[in-house]
Asker: 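Handing you a structure now.
Ligands are counted one by one from 1 in listed order, and the atoms in each one are counted from 1 as well. No experiment lies behind these values; they were computed from the predicted model shown.
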Amino acid sequence: MAHRLTTCTYCGVGCGLYLETSDNRVIGVYPSVSHPTNQGKICVRGWHVHEIASSAERLKKPLLKKHGELEEAEWDEAFEFVAARLQQIRKRHGPDAIAFLNSPRCSNEDTYLLQKLARAVIGTNNVDQGSGVFCNNSIDVLLEMTGVAAASTSLADLAQSDVVVVDGVDLGRRMPTVGGAVIRAKLRGAKLMVIGTRRHRVAENADRFLQIRPGTEVPLYGAMAKVIVDRGLMDLGFVKARCRNYEDFLQQVREYDLLHAAEACGIPAEAIEGAAVEFAHARAATLLYSTSMEARSRDTIRAVVNLALLTGNMGKPGAGILALSEQNNLQGVCDMGMLPDRLPGYRRVDDASARAELETLWQAKLPSAPGLQAGSLLGNGADSHVKGLWVCQYDPASAAGLEETAGLFRNRELLVIQQLFMTEAARLADVVLPTTAYGEEEVSFTSTERRIQLAQKVIEPAPGLIPAWQQLTRVARLLGANWDYTSAAQVMEEIGKAVPFYSGASYENLEREYGRQWPCTKDRPLGTRYLFADNGTKFKFAAVPRPPQIANATEFPFRLFFGSSLYYWAQDVLVRHSETLKREYRVLWLDYPQGFVEINSEDAKQLGIRDGQKVRLRTEAAAAEATARVTPEVMSGTIFVPYFLREVEKKLLHNAADRSQLVPVRLEKEAA
Ligand code: SF4
């Protein structure tokens, strides 16, 4: 029996764990006690991460559509077909008629080569990762205000915070080891403040729980800033030395009215005052927010960063912003440039000097116009100009914030899917290329705290299976590129040249410790625990206009809001192929086989609605039926609809973009 330290690849926390192997099978998992992120703890997904590789449902051979049916094919035949069809589409319709979409689960190496294939070989910036608009909002805002699209601090540094704010994420269910780190910080003496619409387990343990109405984060943070400014509690030394745009921000803050903000949020003004004073008095405070939270608009993130800047909570131990990504390599795929307007390392595609550097490295001319976003490749409004689509490990059916599978195939002349399992999307593809699984190849992933870690190869893949990065290399060569990668480590060497803050992240260096947090450079090979320690970094306050108040419509007294279900992770392709996790997932569906909408217990009592009862949701223009899940967790006056309840969404919203709106609705009991 062998044991090998590696990283869990289910979520963005990147817990350290050991895989146990026997006879070329992964037979078990146990957590690393000394890993700085999880310190001996892993969640139910981590304990069963090995079940993916051993699933009997794995795809083992390439599939090629012949006479309308997918049939097994040899690798050479599949690659030649893909290369010939890509060439044909490019010749007939131009390079921008081809697009590439990947999952935030793909490794750094697969992602880097996928976007390089698009940009340097095909000649298009049509590349995007499929986690939806909320995470892109986070990237854009962090770049705008701090210059770096990532968490500024570390999970281990929570031990040095004396105030920890958790905003809009149920850590206990969605990122349990982060929840554990937060609770440990509290036990060491930090004050724990939870902001959100839902009363969850971490909220129950908080020193302050600000249960606010959905969509009112901006007035809350604005009012907190006003209290801090009015009482002179801002860190003026930090602000003057390191921040721009303070006067404009101040002018906006002065316009806030504490009582109005309190009314909008649905909490007492004293609660906002108390939270603001506590936050401002902290020696070091950390703000955690989920990048994929429902309705995580740019303004809510701007408001969070403004508060950190106002109080000088950047660039010191235990202070900063922790932007949490729930998908395991969301940070990495963005770092690698899987964005239609950003090259590897976040330089803009229209930045001529950035392009020139990459053109030298890649020996190819690069396009300068931003490409199409993932949202325009899916759903009913899918861009029909795109004739060829390459999709790596992304499954639209399980994604939040993006539309259904249909748009993937509309007017396409080629659909290539790289996937571990047969999915709804793969069934409709022209070519399916099976990939290797966790444990079958050595590649790297970058966690939510910028930690670049190796997922180790512990077993041999099934005979003939080829890692995704090798598949991309073979197709690029058929298209005339001189790619000669023979290992993922070699790809990482090139990543170090293309992405300056990865320049010290060789496999040899990553293997020496529990990965390295970027910037990991040649002159800083041990990585960087928290950012902005260098006094030279300048930040920028952002204007955050007050959102319009929603009028109280007594005829439609509830506010409907959409978001990821607490059990969102259960819809993931990998979870659906892990026997134990599938079983856990089904428990919920025994009680609510048709799904559910969540209604506050007090509201349900007043309306005489029982748990599991059929209800009707009525807006001014439409109505939909659903099953009630009665819970004290959601706030009175609100109704929560999980993303996966697509029928309700389709009936009540015009399109998916409306999901971030708060829809006024009336709640009626269905006749028994
Ligand atoms: Fe894996 Fe995330 Fe669970 Fe850690 S918290 S074990 S990384 S799924």
Side-chain angles (χ1 to χ4, degrees), residues 4-20 26 28-53 103-108 131 135 151 154-156 158 166 169-185 200-202 288 290-293 322-333 398 400 437-439 443-456 458 514-515 517 564-585:
R4 192 103 194 251
L5 178 65
T6 186
T7 175
C8 173
T9 53
Y10 261 125
C11 90
V13 184
C15 295
L17 46 80
Y18 290 87
L19 291 179
E20 249 176 281
V26 189
V29 170
Y30 58 96
S32 160
V33 174
S34 50
H35 193 284
T37 303
N38 56 305
Q39 298 177 13
K41 315 279 189 307
I42 48 174
C43 78
V44 63
R45 287 168 291 175
W47 281 113
H48 301 285
V49 71
H50 61 293
E51 291 179 5
I52 304 161
S103 158
R105 297 201 161 286
C106 292
S107 70
N108 290 328
S131 72
C135 100
S154 303
L155 289 166
L158 288 176
V166 177
V169 54
D170 181 352
L171 291 175
R173 282 173 172 139
R174 286 163 77 162
M175 302 178 100
T177 51
V178 178
V182 163
I183 296 296
R184 281 197 297 280
H200 47 67
R201 272 174 290 171
V202 176
L288 297 91
S290 163
T291 54
S292 52
M293 182 196 98
L322 260 171
L324 301 171
S325 51
E326 297 185 31
Q327 295 93 347
N328 69 315
N329 201 37
L330 179 55
Q331 184 68 57
V333 299
S398 67
Y438 175 62
V443 282
S444 69
F445 297 92
T446 305
S447 78
T448 197
E449 56 163 9
R450 298 172 279 104
R451 188 177 296 279
I452 316 163
Q453 303 189 89
L454 286 179
Q456 299 284 359
V458 295
Y514 303 98
Q517 285 175 278
S564 298
S565 158
L566 299 180
Y567 300 91
Y568 165 64
W569 56 263
Q571 299 155 63
D572 187 271
V573 176
L574 302 186
V575 173
R576 280 190 265 136
H577 291 89
S578 160
E579 283 312 311
T580 312
L581 298 182
K582 247 187 333 193
R583 198 175 59 221
E584 292 292 311
Y585 172 44

Asker: Report yes or no: does Ser447 contribute a side-chain atom to a donor-acceptor pair with the main-chain N or O of Glu449 at less than 3.5 Å?
Answerer: yes

Asker: Supply the atom-to-atom distance Asn328 CG to Thr7 OG1, rounded to the nearest 0.5 angstrom.
Answerer: 8.0 Å

Asker: What are the protein N/O/S atoms, named by residue and atom, that sit under 2.8 Å from atom 4 (Fe) of ligand 1?
Answerer: Cys15 SG

Asker: Are Asn38 and Thr177 linked by a side-chain donor-acceptor pair shorter than 3.5 Å?
Answerer: no

Asker: With distance as the sole test, does Asn329 use its side chain to make a donor-acceptor pair with the main-chain N or O of Arg105 at under 3.5 Å?
Answerer: no

Asker: Mind checking what makes side chain to side chain donor-acceptor pair (under 3.5 Å) contact with Tyr514, not counting sequence neighbours?
Answerer: Ser34

Asker: Are Gln327 and Ser103 close enough that a side-chain donor and a side-chain acceptor fall under 3.5 Å?
Answerer: no

